[in-house]
Structure formats: structure tokens, C-alpha cells
Amino acid sequence: MGKKSQSANKGKLYEKAIKFFHMHEKQLHQIRKLLDIRLNQLALAYTSECKLPQESITIKTRVKTIDSFLKKLDKLNKDDFDFPSNSVYDLIGARVTCWFLDDCFGMSGYISNSNFISVDPGNVFDYIHQPRASGYRAIHIHGKISYENISTEGGNVKAIPQKVTCEIQIRTKLMDTWADLTHEFH
């Protein structure tokens with residue numbers, strides 16, 4: 001494929017992404033809020049059970065920006081998508097930051113056993129025991145969060161149960177600081 005047709009395809013992809021984000025931005029942010037609530041509930045349960053201060057585990061959630069989404073598609077060598085979460089597993093993401101290493105594994109267990117986030121054991125990646133070549137350490141979970149998609153068909157409004165894949169990164173404060181610093185260098 002020539003550079004001109006590649007550029008045209010990227011232009012079409014960019015237009016499609018903008019259209020998607022404009023149509024679904026509110027819903028994506030609602031799902032992000034739902035993920036935030038669910039993870040904070042799990043953190044509260046975990047810290048209560050382990051008799052830890054609530055601030056020993058913090059949760060941050062986000063929706064990927066259009067630019068970041070397009071870079072990810074490019075990195076994965078994708079030139080199209082139907083629903084972005086079918087192409088990109090981290091359209092909605094969360095970072096769980098713990099004071100202690102043991103709590104990373106404890107929270108991973110709580111998330112994996114949650115009734116609101118479906119986690120297939122094959123979608124839990126332990127970069128703590130097996131760090132990436134760069135030295136990056138964390139636990140990554142690709143879990144599906146349940147939500148209600150609102151649809152209007154023939155003048156009827158329906159709430160249709162759906163699931164969307166989210167990436168949840170779990171690491172200690174020290175690992176989080178290291179990841180932020182090395183991310184800046186790369």
C-alpha cells in the first residue's frame with residue numbers, strides 16, 4: 001500500500017474515531033465512573049478486612065483520548081474497528097496503587113473474584129514476578145465490566161446488559177513512580 005492510500009486510510013480512521021467518541025463519550029465516562037465505584041468498593045472491603053487505612057489503596061480511572069486510541073490502533077497495526085473496545089483492551093482503564101506489595105496481589109484476588117468485573121485467569125498478567133525487559137513491574141488485569149447500554153428502537157427505550165473490557169493496573173507507590181519516570185524518558 002502506497003503512502004497516499006495509507007494516509008487516506010488514517011484520515012478515515014481518524015474521522016471514524018472522532019465520530020465514535022462524540023457519539024459515545026458520555027457513555028464511556030459513565031462506564032469509567034462505574035469502574036471507579038466498583039474498584040473503590042473492593043478497596044474498601046480489602047482495607048477493612050486487612051485492617052489497613054483506607055488511603056493505603058488509591059484508585060484512578062480514565063478514558064483513553066482519541067489521540068491515544070489512534071496511536072494504540074497504529075501500534076497494534078489495526079486499520080479499522082467496529083466498537084473500539086473490541087480492538088483496544090484499555091479504552092477504559094484504572095490504576096490501583098497500593099502501599100505494600102502483598103496488597104497488590106490481595107487486590108488482584110479481590111478484583112478477579114468480583115461479581116461486577118469478569119476476569120478470565122488468562123487475562124491476568126504478573127509483571128511483578130516476571131518484569132518486562134524495561135524493568136516495568138505491575139499486575140495487569142483485562143476484565144469485563146458489566147453495564148446497561150441504553151438503546152432506542154421504534155420509540156422504545158431499552159436497557160441492554162453489556163460488558164466492556166477494561167485494563168486495570170495494580171502496583172505499589174514505588175512501582176508507580178518508577179513507571180511514571182520511565183514513561184517520561186520513552
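Throughout, residue positions are numbered sequentially from 1 according to the sequence presented.
- The side-chain heavy atoms of Thr58 and Trp99, taken from C-beta on, include no pair separated by under 4.5 Å.
- Tyr147 is listed as a side-chain neighbour of Gln27, based on a closest heavy-atom distance under 4.5 Å.
- Between Asp120 atom CG and Ile141 atom CD1 the span is 11.5 Å, to the nearest 0.5 Å.
- Residues Ile128 and Phe105 form a side-chain contact, since some pair of their non-hydrogen atoms from C-beta on lies under 4.5 Å apart.
- From Cys50, atom SG reaches atom CZ of Phe100 across 11.0 Å, with rounding to the nearest 0.5 Å.
- For Gln54, the CD atom sits in a loose shell: 12 or fewer heavy atoms of surrounding residues, nucleotides or ligands are nearer than 6.0 Å.
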Phe21/Leu28 under side-chain contact (heavy atoms from CB on, under 4.5 Å): CA gap, chis, key distance, verdict: CA-CA 9 Å; Phe21 273 84; Leu28 291 172; 4.1 Å; yes

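- Taking both residues in full, the closest heavy atoms of Lys158 and Glu153 are given as NZ-OE1, 4.1 Å, listed atom of the first, atom of the second, then distance.
- In this structure a side-chain-to-backbone donor-acceptor pair under 3.5 Å is present from Asn113 to Gly109.
- The hydrophobic clustering, which links ILVMFWY residues whose side-chain heavy atoms are closer than 4.5 Å, places Ile18 and Phe69 together.
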Ile66 and Phe20: CA distance, side-chain angles, deciding distance, side-chain contact (heavy atoms from CB on, under 4.5 Å) verdict: CA-CA 9 Å; Ile66 294 173; Phe20 171 84; over 6 Å; no

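- Arg38 is not listed as a side-chain neighbour of Ile59, based on a closest heavy-atom distance of 4.5 Å or more.
- In this structure a side-chain-to-backbone donor-acceptor pair under 3.5 Å is missing from Ser68 to Thr65.
- A heavy-atom distance below 4.5 Å is not found between the side chains of Cys98 and Lys173.
- Between atom CD1 of residue Ile168 and atom NE2 of residue His142 there is a gap of 9.5 Å, rounded to the nearest 0.5 Å.
- Of all heavy-atom pairs between Pro161 and Glu148, the closest is N-OE1, 3.8 Å.
- By the 4.5 Å heavy-atom criterion applied to side chains, His140 and Glu167 are counted as neighbours.
- We find the NZ-NE2 distance between Lys26 and His29 to be 11.5 Å, quoted to the nearest 0.5 Å.
- Using a 4.5 Å heavy-atom threshold, the side chains of Arg132 and Phe125 count as separate.
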Candidate pair Thr61 and Ile92, rule side-chain contact (heavy atoms from CB on, under 4.5 Å), full reasoning: CA-CA 8 Å; Thr61 57; Ile92 300 169; 5.9 Å; no

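- More than 12 heavy atoms of other residues, nucleotides or ligands sit less than 6.0 Å from atom CD of Glu55.
- Contact annotation: the side chain of Ile111 never approaches that of Tyr46 to less than 4.5 Å [non-hydrogen atoms, C-beta and beyond].
- Each of Leu44 and Leu39 belongs to its own hydrophobic cluster when Ile, Leu, Val, Met, Phe, Trp and Tyr are linked at side-chain heavy-atom distances under 4.5 angstrom.
- Between atom CG of residue Asp176 and atom CZ of residue Arg171 there is a gap of 4.5 Å, rounded to the nearest 0.5 Å.
- Heavy-atom minimum distance, Leu34 versus Ser146: CD2-O, 3.2 Å.
- Atom CG in Asp103 sits 5.0 Å away from atom CD1 in Ile57 (nearest 0.5 Å).
- For the pair Cys104 and Thr172, the tightest heavy-atom approach, listed with the atom from each and the gap, is SG-N, 3.6 Å.
- In this structure a side-chain-to-backbone donor-acceptor pair under 3.5 Å is present from Asn40 to Asp36.
- The closest donor-acceptor contact from the side chain of Asp90 to the backbone of Gly93 lies at 3.5 Å or more, if one exists at all.
- Residues Met107 and Leu101 fall within the same hydrophobic cluster, defined by Ile, Leu, Val, Met, Phe, Trp and Tyr side chains chained together at heavy-atom separations under 4.5 Å.
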